[in-house]
Amino acid sequence: MQLAMFAYFGAAILLSALFVVYFRNPIYSAMALLTMFMHIAGLYVLLEAEFLAGVQLLVYAGAILVLYLFVVMLLNVQSRGRFVQKQTPAVIGLGVLAVIELATLIFHTRFYPELPAIPHPGVPTLGNTETIGMVLYTQYLFPFEIASLVLLIALVGAIVLAKGKLKYR
Amino acid sequence: MVPLSWYVALSSTLFLIGLVGVLIRRNIVIVLLCIEIMLNAVNINFVAFSKYQHVIDGQIFVFFVITVAAAEVAVGLGIIIALFRLRETINIDEINILKL
C-alpha cells in the first residue's frame, strides 16, 4: 500500500516537474508547479510529517504560487523567439557527466539496510505538530527569530525594488 | 516500508529536473519556478531522513527552507518587475547590463 502511494506521488511529482520545464506558457508552468506542490504535500503525509504538509499547501500553493501568477499576469509577456538558451557542447558534456556521477553515487550508497531504533521506546511519542512546536521554541528559538528578520528584510526589499523610482526628498 | 534510497533517488531526480530547467530556459519567471523545484527536492530529502532516523530536526530545517524560499520569491519577483520596467524583456540572455 505504502509502495503504491509512493509510486503514485513520485511519478506525479516528476511528471509535473517535467511539465514545468517543458511548457512554453508561464501560466501553464505555474499550474504544473501547483500540482507538484500538492503531491509533495501528499508525500509528506506519507512520511508522517502532517504539519509540514499543511505548511506546504498554505505557504507554497497558497502564497508563493499566487505571487508568481500575479507577476506573470502583470507582465503579460508573449514569449517570442527561441524557447531555450544557446549552450555550447562543452556545457552539455559537463551536464551528462554530472548525471552519470549522481547515478553512480546513488546506486553505490547503502542507505541504512537496518533502520536505527526509536531512541526512547517507553516514552509515548507526541504528535507531529506538538513535537515540532516543542523543538522550534526551545532548541531552535534563535534561528526562529532570525527567520522573522529575514522575512522583514525581504518584505522591505521587495517593496523598494518593485516600487520603481522613489522620490527622495 | 519504502526504502530510503528511493526517496533519495526521487529527490535527486527532481533536483536534476530543476537544475536543467534553470540552465536551459530563457524565460526568467520559469527559471525562478525551477529554483522552487530544487528547494522542494531538498525538502523531500530532509523529511525522509528525519523519518528514517527518528529525529525531528530535519522537519525544522524544512520549515526554515520554506521561510527562505518565500523571502527569495518576493525579492526575485521584485527584481524581475524592476528589470522588466527597465528593459521591456524577460529573456535572460538579453539582460546583460552588468556585463563589461
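- Applying the side-chain hydrogen bond (donor to acceptor under 3.5 Å, both in side chains) criterion to A:Tyr28, with sequence neighbours excluded, gives no partner residue.
- For residues 40-53 of chain A, a heavy-atom distance under 4.5 Å to chain B picks out A:Ile40, A:Leu43, A:Tyr44, A:Leu46, A:Leu47, A:Glu48, A:Ala49, A:Phe51, A:Leu52, given by residue number.
- Nearest heavy-atom pair, B:Arg25 versus A:Val20, reported as atom, atom and distance to 0.1 Å: NH1-O, 4.1 Å.
- Looking at B:Ile56 and A:Asn128, their side chains come closer than 4.5 Å, going by heavy atoms from C-beta outward.
- Nearest heavy-atom pair across B:Leu14 and A:Ala17 is CD1-CB, 3.5 Å.
- In this structure, A:Phe6 has its ring center under 6.0 Å from that of B:Tyr7.
- As a member of the Ile/Leu/Val/Met/Phe/Trp/Tyr network built from side-chain separations under 4.5 Å, A:Val66 groups with A:Phe70.
- Taking all atoms of both residues into account, the shortest heavy-atom contact from B:Ala74 to A:Leu67 is CA-CD2, 4.2 Å.
- In terms of heavy atoms, A:Ala158 sits closest to B:Val75 at CB-N, 4.4 Å.
- How far CG of A:Leu3 is from CH2 of B:Trp6: 5.0 Å, rounded to the nearest 0.5 Å.
- B:Asn43 pairs by the side-chain hydrogen bond (donor to acceptor under 3.5 Å, both in side chains) definition with nothing, not counting sequence neighbours.
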Residues B:Asp57, A:Gln139; criterion side-chain contact (heavy atoms from CB on, under 4.5 Å); working and verdict: CA-CA 10 Å; B:Asp57 299 45; A:Gln139 198 181 344; 4.0 Å; yes
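- Listed here is the closest heavy atom pair of B:Ile81 and A:Ala162: CG2-O, 4.4 Å.
- Contact record, B:Ala82 with A:Leu161: CB-O, 3.6 Å, taken as the closest heavy-atom pair.
- For the pair A:Tyr68 (side chain) and B:Leu32 (backbone), a donor-acceptor distance under 3.5 Å is present.
- Expressed to the nearest 0.5 Å, how far CG of B:Leu33 lies from CE of A:Met36 amounts to 9.5 Å.
- Of the atoms belonging to A:Leu102, it is side-chain heavy atoms, and not backbone ones, that fall under 4.5 Å from chain B.
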Criterion side-chain contact (heavy atoms from CB on, under 4.5 Å) on B:Ile80 and A:Leu75, from CA distance to verdict: CA-CA 9 Å; B:Ile80 288 178; A:Leu75 297 185; 3.8 Å; yes
